[in-house]
There are 2 protein chains.
Amino acid sequence: MVDRLSEVFSALADPTRRAILARLADGEATVNQLAEPFPISLQAVSRHLKVLERAGLITRGRAAQWRPCRLDAEPLREVADWVTEYRRFWEQRYDGLDGYLRQLQQDGTRPEE
Amino acid sequence: MVDRLSEVFSALADPTRRAILARLADGEATVNQLAEPFPISLQAVSRHLKVLERAGLITRGRAAQWRPCRLDAEPLREVADWVTEYRRFWEQRYDGLDGYLRQLQQDGTRPEE
DNA sequence: TGCATATTCAACGAGTACGTTAATTAACCG
DNA sequence: CGGTTAATTAACGTACTCGTTGAATATGCA
């Protein structure tokens with residue numbers, strides 16, 4: 001994995017990790033609290049957290065023997081920025097002239113990467 | 001891979017595939033045309049296209065011996081919808097009261113999944 | 001000190017991802 | 001038909017992912 005955006009997309013490509021992010025939207029939580037809803041081991045959750053941390057999607061504190069996790073949405077802003085470049089494609093109407101109009105709209109405004 | 005959103009994120013977690021999508025934003029292209037900029041084999045690109053197709057990000061036609069690829073941005077709309085749920089987190093200002101305010105803002109509006 | 005709790009690290013296995021090269025399929029054309 | 005071009009499929013190697021269980025580390029507390 002070389003680039004940051006790939007790392008973020010890869011981290012998001014797992015429903016458990018997305019559920020963890022949704023839980024962290026409610027506020028900080030410990031590893032045990034985060035693991036509780038899932039039918040997998042605590043160790044597996046700990047690894048998911050490491051993936052999220054490497055992607056910059058969470059940060060971790062230290063309080064006694066707990067390692068509270070906190071959401072960091074900055075990488076999600078980058079995702080939003082990336083996907084926004086394609087907005088005009090899903091907002092297009094397909095009404096018969098679509099091929100011609102699509103060609104016109106696409107001209108010279110290709111998203112980067 | 002079980003759910004659609006994971007499939008889409010996974011497809012996007014590769015810079016070559018994102019570059020292919022960017023190229024297709026200019027309009028249809030054949031496999032050879034898409035492969036041309038990359039230092040990898042045509043077969044490897046063909047596989048990337050299969051991944052993008054399974055994720056619903058491209059569709060393919062048939063014209064003689066060519067298989068023109070076309071961008072389908074519908075899954076990107078789903079990505080945009082998902083990430084938008086977190087918008088308030090990256091739009092937050094961190095000005096000292098941050099912990100308290102974040103707690104207030106997060107209350108009761110957790111993104112799903 | 002000694003034990004309980006919270007979390008991580010290590011080692012393993014099954015499955016998947018991504019690249020390669022070689023062979024195959026499909027369509028066009030002389 | 002036979003050859004060329006476009007693209008896919010097959011077989012393989014290497015590496016990574018995601019789960020497991022067992023051991024280690026870190027902190028709190030009696």
Side-chain angles (χ1 to χ4, degrees), chain A residues 1-21 23-24 27-71 75 113, chain B residues 1-21 23-24 27-71 75 113:
Chain A
M1 187 86 54
V2 71
D3 65 299
R4 174 172 180 74
L5 203 46
S6 294
E7 190 116 39
V8 175
F9 277 128
S10 182
L12 297 177
D14 182 288
T16 300
R17 287 195 287 266
R18 292 197 306 278
I20 288 172
L21 292 180
R23 166 63 186 81
L24 290 176
E28 286 190 5
T30 67
V31 180
N32 267 291
Q33 289 170 338
L34 291 171
E36 193 272 324
F38 301 109
I40 61 177
S41 69
L42 191 72
Q43 292 94 319
V45 172
S46 182
R47 289 188 143 192
H48 281 306
L49 293 173
K50 183 172 259 181
V51 172
L52 291 170
E53 188 175 30
R54 288 206 60 205
L57 287 159
I58 66 171
T59 57
R60 319 243 230 159
R62 164 73 82 178
Q65 69 268 54
W66 294 277
R67 305 292 313 277
C69 299
R70 165 177 297 200
L71 179 65
E113 164 152 0
Chain B
M1 186 86 53
V2 72
D3 65 299
R4 173 172 179 74
L5 203 47
S6 294
E7 189 116 39
V8 175
F9 276 128
S10 182
L12 297 177
D14 182 288
T16 300
R17 286 194 289 266
R18 292 197 306 279
I20 288 172
L21 292 180
R23 166 62 187 81
L24 290 176
E28 286 190 4
T30 67
V31 178
N32 268 290
Q33 288 169 339
L34 291 171
E36 192 274 321
F38 302 109
I40 62 178
S41 68
L42 191 73
Q43 291 94 319
V45 172
S46 181
R47 292 183 105 128
H48 281 306
L49 293 174
K50 184 173 258 182
V51 172
L52 291 170
E53 188 175 30
R54 287 207 59 203
L57 286 159
I58 65 171
T59 56
R60 318 241 229 160
R62 162 75 80 180
Q65 69 268 54
W66 295 277
R67 305 293 314 275
C69 299
R70 165 177 298 199
L71 179 65
E113 167 150 356

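By convention in this document, chain letters (A, B, ...) are assigned in the order of the sequence lines, proteins followed by strands, and residues within each chain are numbered from 1.
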- Is a donor on one side and an acceptor on the other found under 3.5 Å between the side chain of B:Arg18 and the backbone of B:Leu12? yes

- Note on the structure: CG of B:Leu21 to CG of B:Leu71, rounded to nearest 0.5 Å, is 6.0 Å

- Item | Distance in angstrom units between A:Ile40 CD1 and D:dT17 C1', rounded | 13 Å

- What integer distance in Å separates B:Leu52:CG from C:dA17:C1'? 14 Å

- Select base, sugar-phosphate, or nothing to describe what B:Ser10 touches, counting heavy atoms under 4.0 Å on all strands. nothing

- Task: Calculate the interatomic distance between A:Leu49 atom CG and D:dC18 atom P; express it in whole Å.
- Result: 13 Å

- Does anything in residues 13-20 of chain A reach DNA chain D, meaning a heavy atom under 4.0 Å, and if so which residues? A:Asp14, A:Arg17

- Query: Tell me: CZ of A:Arg47 to C1' of C:dG13, nearest whole Å?
  - Reply: 12 Å

- Considering heavy-atom distances to DNA chain D, does B:Leu42 or A:Ser41 have its closest nucleotide positioned more toward the 5' end? B:Leu42

- Message: For B:Arg23 versus B:Gly27, what's the shortest heavy-atom pair and its separation?
- Response: NH1-O, 3.4 Å

- Task: Send over the distance from A:Arg54 CZ to D:dC18 P, rounded to a whole Å.
- Result: 13 Å

- Note on the structure: Smallest heavy-atom separation, A:Pro75 atom then A:Ala55 atom, equals CG-O, 3.5 Å

- Message: Can you tell me if A:Asn32 touches the phosphate of C:dT7, counting only side-chain N or O atoms and a distance under 4.0 Å to OP1 or OP2?
- Response: yes

- Query: Which heavy-atom pair separates B:Val45 from B:Phe38 by the least distance, and what is that distance?
  - Reply: CG2-CD1, 4.4 Å

- Item | Contact nearer the 5' end of DNA chain D, comparing B:Val31 with A:Trp66 | B:Val31

- Which heavy atom of A:Trp66 sits nearest a heavy atom of A:Thr30, and at what distance? CD1-CG2, 3.7 Å

- Query: Is the shortest side-chain N/O distance from A:His48 to OP1 or OP2 of D:dT17 below 4.0 Å?
  - Reply: no

- Note on the structure: Rounded to whole Å, the CZ-P distance (A:Arg67 to C:dT7) equals 9 Å

- Would you check, one step at a time, whether the test side-chain contact (heavy atoms from CB on, under 4.5 Å) holds for A:Arg17 with A:Leu57? CA-CA 10 Å; A:Arg17 287 195 287 266; A:Leu57 287 159; over 6 Å; no

- Query: Between A:Glu53 and A:Cys69, is any pair of side-chain heavy atoms under 4.5 Å apart?
  - Reply: no

- For C:dC9, does either OP1 or OP2 sit under 4.0 Å from a side-chain N or O belonging to A:Lys50? yes

- Task: Take the protein atom CD of A:Glu28 and the nucleotide atom P of C:dA6, then report the distance between them rounded to whole Å.
- Result: 17 Å

- Item | Trace of the side-chain contact (heavy atoms from CB on, under 4.5 Å) decision for B:His48 with B:Leu34 | CA-CA 10 Å; B:His48 281 306; B:Leu34 291 171; over 6 Å; no

Under 3.5 Å, N/O pairs linking protein and nucleotides 22-27 of chain D:
| residue | atom | partner | partner atom | Å |
| --- | --- | --- | --- | --- |
| D:dG22 | O6 | A:Gln43 | NE2 | 2.7 |

- Quick one: does B:Arg67's side chain get under 4.5 Å of B:Leu49's, heavy atoms only? no

- Query: When the distance from CG of A:Leu34 to C1' of C:dA6 is rounded to whole Å, what number comes out?
  - Reply: 13 Å

- Task: Considering just the side-chain nitrogens and oxygens of B:Ser46, establish if one lies under 4.0 Å of OP1 or OP2 belonging to D:dA7.
- Result: no

